Amino acid sequence: MATQSHSLSYAGCNFLRQRLVLSTLSGRPVKIRKIRARDDNPGLRDFEASFIRLLDKITNGSRIEINQTGTTLYYQPGLLYGGAVEHDCSDLRGIGYYLESLLCLAPFMKHPLRIVLRGVTNDQVDPSVDVLKATALPLLKQFGIDGESFELKVVRRGMPPGGGGEVFFSCPVRKVLKPVQLTDPGKIKRIRGIAYSVRVSPQMANRIVDSARSILNKFIPDIYIYTDHMKGVSSGKPHAAALLPPGCSLLALGPVSPILLLSPPHSLPQAPVGWRRSPVRSGPILLHSAASTRPRSCSCVIFAGGCIDSTNQSLGLLLMTLGQQDVSKVLLGPLSPYTIEFLRHLKSFFQIMFKIETKPCGEELKGGDKVLLTCVGIGFSNLSKTLK
Amino acid sequence: METKDQKKHRKKNSGPKAEKKKKRHLQDLQIGDEEDARKRNPKAFAVQSAVRMARSFHRTQDLKTKKHHIPVVDRTPLEPPPIVVVVMGPPKVGKSTLIQCLIRNFTRQKLTEIRGPVTIVSGKKRRLTIIECGCDINMMIDLAKVADLVLMLIDASFGFEMETFEFLNICQVHGFPKIMGVLTHLDSFKYNKQLKKTKKRLKHRFWTEVYPGAKLFYLSGMVHGEYQNQEIHNLGRFITVMKFRPLTWQTSHPYILADRMEDLTNPEDIRKNIKCDRKVSLYGYLRGAHLKNKSQIHMPGVGDFAVSDVSFLPDPCALPEQQKKRCLNEKEKLVYAPLSGVGGVLYDKDAVYVDLGGSHGFQESDEVRPTHELVQSLISTHSTIDAKMASSRVTLFSDSKPLGSEDIDNQGQWMPKEEKQIDLETGRVRRKAIFGDEEDESGDSDDEDDEEMSEGDKLDNGSSADESEEEVDAEMTDKVYMAGKGVKRQRLEMDEDSEVDLPAFADSDDDLERSSEDEGEAEEADESGEEEDSTAGKRDILESSVVGDRSKPRLLQTDGLSDGLNLENPLTIKKATLTTSDSGHCTAEEAFASEDETEESSSLSTEGEDSENEEVIRKKFPKSSKVASGQRLGSENLIDETSDVEDLLKEEEDYKEENNYSTETSGALKWKEDLSRKAAEAFLRQQQATPNLRKLIYGTVTEDNEEEDGDTREELGGLFRVSQPSGECKHKLDSLDCSRFHVEAPHDWDLEEVMNSIRDCFVTGKWEDDKDAAKILAEDEELYGDFEDLETGDVHKGKPGPDTQIEEVEEVKEEIDPSAEESAKKKHLDKKRKLKEMFDAEYDEGESTYFDDLKGEMHKQAQLNRAEFEDQDDEARVQYEGFRPGMYVRIEIESVPCEFVLNFDPHYPIILGGLGNSEGNVGYVQMRLKKHRWYKKILKSRDPIIFSVGWRRFQTIPLYYIEDHNGRQRLLKYTPQHMHCGATFWGPITPQGTGFLAVQSVSGIMPDFRIAATGVVLDLDKSIKIVKKLKLTGFPYKIFKNTSFIKGMFNSALEVAKFEGAVIRTVSGIRGQIKKALRAPEGAFRASFEDKLLMSDIVFMRTWYPVSIPAFYNPVTSLLKPVGEKDTWSGMRTTGQLRLARGVRLKPNKDSLYKPIVRQKKHFNSLHIPKALQKALPFKNKPKTQAKAGKIPKDRRRPAVIREPHERKVLALLDALSTVHSQKMKKAKEQRHLHNKEHFKVKQKEEEEKLKRQKDLRKKLFRIQGQKERRNQKSSLKGPEEPSK
């Protein structure tokens, strides 16, 4: 039945997650060739292999074929199964790498997903677990995915390179999704955040908070940044170079659409080596500068922001696509390259095209230009869910 | 005389008039002023019992809630597709007659032979597609899935037939469309009473099947072989006003009931191999949901296919435009049935005939036929694909002739797509026409010429066709613009014995095509947003013109014209220019794109691009000379770019002018005006918007068909492929997969003004006017300022002074200042609206329930759905939301089995059912199934059976199971008789909740009810959990106290190891556990039991063995069977059928045979009580049975007495005497008894007499006593006189 023309073919390892996730949801097999074919170290990396293993765990009947060099991957999706799963993620990427895809798949399982992910909770590359918790979960709630069992919990924090963090994620199952109209981002009413620190002095987190406040206070006085200092078992695995930078994530809350979510990127400027060696001496200064750059990039995010922050753009667009055959609208900031590619993939997997209108910013000082994306859902229904 | 004839006046007893009178009467009596009894007599309606009141309230609420349906979003399009009316019934019941009558009723046309669906316009807002359904179960199943309304014909003289019930059941399973019964043959009843009775009986039976109160229509008798006009008219009214509730399956899947089929296969391929797979195009109205291009579809009776192309066509049977009139005029009463040869096209196996009489505006007769040699030679040529396609276009256009202008707007747009199908394979590519820069300049003259020509054709219709033909040829030689003409000429040739009108047609088509291309071009330009044309657009045009080219030479050859070669040279040159222009545009575009895209590096060398573009072009047209010329003209183009937009605009204007001209000259081509104007408008509109993001993301829309090629560049999207150097491409392929978007901060956030740019994002920033708190407060003040205290009667004025004063002042001002007046008006309106909102809020809040809210939400969503894409033209709309229901679409499908075309029978419906995501995949489908109560047999696991699920009909092998209390799915050998059971089969994945039915066979006619089972899909999975029971037995070979060694249950120690700890049991019920394997014999193990076993015990273990389902999925390909044998499809046979056919008898197990039961008498041993126990027992419980008296020993035995003869005599005498004596005594006793009896009787008599006497005496006594008492009483009454007597 599944004819050859039915399957899609791609090249390169980029956007592997998108392809596999969309393939799983659409039921179309996918073939990915030339994965790092020209690289010195060809084929799939550990973290990708781990991701594929995770997909295998949460699906039933999927067929995965990888050639000997690991440069070609054929994936024939099965049905999403869910249930209680545990997975050890690769330490090369953060848990966010895996969690992002799980957020796309979790509402369409046969059994509600309850998964324990172990690995790196916060790193420089991927959106950290805190960010996803603060931004993606409220976004999913907009689409009618809600309930008591809908939670994301950071049990332990683990930093690269050692890892050792643990996250618990559970998500209820839905048959259909609600269409959304998120066209008004509203005003930012308050700013909440979390500053975490692991294996450093708890004072560091406080300093971050202070310096962040000093900048953001110019915009709005209602700022509250929690400090989260984990120690002992819940601070991950110790490592040789185990002086880990504290981090901070902020989110701004608006009144109209409660999901005006801004999560500043975690890109803490790579701490100089000297700092790592002797934190006591030059730490605070560096920390301060780091913290002040972060709210600055935060303002940049606000400048670019729409109703969904840039990390979750693709998630929002996917859920819009998978809605009922109704019109969904969402106002976004500038589309990230990842999202642009995602839109293309949506077109090839679901034959869905978004109407894209640029909304230039008027007289109001609301930051950069926005993009209004509109689509008609494909009338997706959860084929895995059992009818009782 | 007159007075006699007049009827006596009768008083009205009911109706409004009577009521009025009654009321007046009551009012006269002074009691009627309150008509409501509740008000008049409130005491009678006072609450008697709170409980009862609560109950009645609950009841009314329950009833109210029961009426609610779950609200759904209304997704019906503005112009809905025709309603599918299935006319169903057993043979000879009058289906065809009814259809004919209905069509005649609606359209005043009489169709003699009806094949396939007939679409008619039945009213201002409704169209019907009527299709007949025979009693082939395949057809019944298919049509039940697409039907909106079923007219179920029932022969009243015969009663219900099996088909009717079968169809009802099919309908029930597949969503239950509206069903209306129609009783026919009512004239065969002689007696009225019998007729009435039959009607009533049938009606009630019908009601039990459908729903109580379902409409049953009576057609009383025929007149001249037709039903009575009035009745048909009524029936038609019923159909036209009927309302439908959306069915889940139908609204969630797109589907098409095809009313036309064309074979597009290359004739050469067919010639080579007549059995080659075909490429067909199917036409029909799209219904249900939106259809996406390239989606999967299923054709019931044929199989699964991927849509290779979809395009929408002008509506061949359009609804009339909105008018104020009540009824349709003759021209609007359209009928469209291409399979029956109505509506302009007569379908034949290998040709298409155009019928232009009847409903169309053309009045020319068919008499004039092309007689010229040339044309005849044209006719005799074998038709090619191009020709066929061309012909299809003609027919379509002819259909759409009477359409309104707005429909025709779309007309221009379907052509390019059709064209696109043709690949560029041959060397003829180079002989193509141009739409490039040259065309822009010469467009004017071209068009005019065309116009003229069409005019000419129109004018001299009488003249023979070849004349116009020559004209065309002449033009072709010196004109640049050629493609359409080539097509046209083929069309001519194709339409074998077509009419004189055709040239005119073809011409108009030409224009259409051309303008469509132009429009396409314009649109492409729009998309790019700035001043370039898109590559793809050009390419499109190239392709389309190539089509023309390719077809043309062939023509020329056949014609024997020599100028074919002459044509080639100019063409090549022109093409070359075109290609260069292409590349030029590309550069501009890319530059722009790179500007736009922030994350792209802007270091794109134009040279590289150029070369790449050339590559692309080379790929398309492998011609070196062309490239060279391209380079030559490259510089030219750079200059052209700047003035491109101007050119385009000029072009548009030119078109407008042309069109005006054309409208003036020929009224028939009015549509053109709209077309180009619209294109221009669209262009300008999009120019302004500059939505280049779309292009950036999706590339050019028209080139999506390549996306499945899997090219490395493909996946990067249309534009990226062009704009990116290959090195960067590679880099991107393997770059880090991360969703984070590092916004390169372009601003220095420390600066105050930069920081201010996001100031308004915060609540502390500035607000919009309508949300600003201060303003809202002020407005509220204004609104609520004045109020009146109801209790005291005080009137409070908020801000009394200034407001009114100002208003007064304003009044004066208003006269001078119109804007102030306007603002005041606006203010007033605002105020009014606010008040209304308040009122609504106050009064509706109490009423609005959860249900109302839900409904409102759905309604809002529906409105949004409608409004979102309303203002866009169809071409763009189709890209976003897919083809919307109600459109007339043409679907191309490739690799269709040749039998579909060879054995095509228009009587059988062709349905294209769209499949959702992953509905094309296979897996295990679990469902709840119940054998139909009317099906005679039970169903057996692993017997192949035909299911109808979703769109599909297929044969598969199900397993039946039942779920145990612990969730275990236990295999059943047979379906239970009157119970649901589970069933699992391997087959196509269908959404949960879909109904299904099963039939054992679809071939032939069975006397019994054919539907074997019905049910619903519950679950989909890729594995199954059905198990069957397996008992393993073993025997003890060594028994200790509680431990035994068991052998014979397993074959190896490994097997034992797997079952360690498992529970085992003996037949007698002793439980135990497997402990450990023993070394010898193989497979033996040690087990412990709760009691000591016997050697005769059998030990067994109960296990569950998972069963597997054979992966057998066999679609019913009934449409591929030869004509007339379509209902003979038979798939895999059951084992029973095979045995029957082969004559193989099943060897039954001897133990399973029934034998006569012989019961042996049971002998019980006597009860033995041990001596010790006996001793202990109390006496009463001690066994009393004495031991049998043993033989008396000899010494104790008394000797026998032997009498002497004398003694014997004495004894005899004594015996005799005693006998006599006893006899005597006996007699005496009897006598005494008698005597006693008599004495007793006498005594009794005496006693009675005595009693009687006593009674009399007593009576006397009492009487005297009574008299005495009475006397006493009397005297006591007289007491005062004589107190003492």
Side-chain angles (χ1 to χ4, degrees), chain A residues 1-2 5 9-17 26-27 36 60-61 78-79 100 125-127 179 187-189 219-220 265 296-297 299-300 302-304 310-311 314 325-327 336-338 340 343-344 347-348 351 353 355-358 364-367 371 374 376 379-381 383 386-387, chain B residues 73 75 252 289-290 292-295 304 306 599 691 693-694 697-698 707-708 710 712 715 717 732-735 737-743 745 749 755-764 766 861 864-865 868 879-881 917-918 920-922 988-989 991-993 1018-1023:
Chain A
M1 297 262 307
S5 67
S9 175
Y10 293 104
C13 70
N14 205 358
F15 311 115
L16 178 87
R17 285 181 298 161
S26 69
R36 296 196 185 88
N60 180 22
L79 287 168
E100 271 186 305
V125 189
D126 294 299
K187 304 261 186 197
I188 297 169
K189 206 158 65 175
F219 295 112
I220 193 159
R296 234 173 258 146
S297 58
S299 355
C300 195
I302 293 173
F303 181 79
S310 67
T311 320
S314 56
Q325 291 178 334
D326 290 321
V327 169
S336 69
Y338 188 81
I340 289 177
L343 283 170
R344 290 182 193 138
K347 180 154 195 310
S348 48
Q351 284 91 36
M353 233 172 96
K355 187 169 137 193
I356 303 163
E357 292 158 295
T358 5
E364 303 235 315
L365 303 169
K366 280 192 169 181
V371 184
T374 313
V376 181
F380 184 84
S381 78
L383 285 178
T386 310
L387 199 72
Chain B
V73 179
R75 298 198 179 94
S252 59
H290 292 289
K292 302 261 170 21
N293 208 343
K294 313 278 174 215
S295 54
D304 273 19
E599 86 273 7
L693 263 178
R694 195 190 91 158
I697 291 166
Y698 294 117
E707 67 187 15
E708 306 212 351
T712 51
E715 55 85 34
K732 202 175 175 193
L733 280 188
D734 286 339
S735 64
D737 179 15
C738 177
S739 65
R740 282 263 293 282
F741 181 28
H742 299 287
V743 185
W749 286 102
M755 268 190 157
N756 274 339
S757 70
I758 55 167
R759 179 69 70 194
D760 284 348
C761 288
F762 296 90
V763 278
T764 49
K766 215 170 74 187
Q861 183 68 49
L864 181 73
N865 290 352
E868 185 56 38
Q879 294 292 340
Y880 292 129
E881 50 171 18
N917 279 301
S918 64
N921 295 349
V922 281
I989 280 175
Q992 307 90 332
L1018 291 183
D1019 196 8
L1020 309 161
D1021 215 335
K1022 294 278 183 182
S1023 57

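First the proteins, then the strands, lettered A, B, ... as listed; each starts at 1. From a predicted model like this one, the values you see are computed outputs, not experimental measurements.
Counting heavy atoms from C-beta outward, A:Glu100 and A:Thr311 have side chains that approach closer than 4.5 Å. At least one side-chain heavy atom of A:Tyr10 sits under 4.5 Å from a side-chain heavy atom of A:Ser348.
With a 4.5 Å cut-off on non-hydrogen atoms, B:Ser252 touches chain A through its backbone but not through its side chain. Interface remark: B:Gln992 contributes backbone and side-chain atoms alike to the contact with chain A (heavy atom separation under 4.5 Å). Interface remark: A:Gln325 contributes backbone and side-chain atoms alike to the contact with chain B (heavy atom separation under 4.5 Å). B:Ile989 touches chain A through its side chain: at least one heavy atom from C-beta onward sits under 4.5 Å away, while N, CA, C and O do not.
Heavy-atom pairs under 4.5 Å with chain B peak, among A:Asp326, A:Leu387, A:Thr386, A:Leu343, at A:Asp326. Ranked by heavy-atom pairs under 4.5 Å with chain A, the first of B:Asp1021, B:Asn865, B:Leu864, B:Val73 is B:Asn865.
A distance-only check finds no donor-acceptor pair linking the side chain of B:Lys292 to the backbone of B:Gln879 [under 3.5 Å].
B:Lys1022 and B:Val922 get closest at one heavy-atom pair: NZ-O, 3.1 Å. Taking every heavy atom of both residues into account, A:Arg17 and A:Tyr338 meet most closely at NH2-OH, 3.7 Å.
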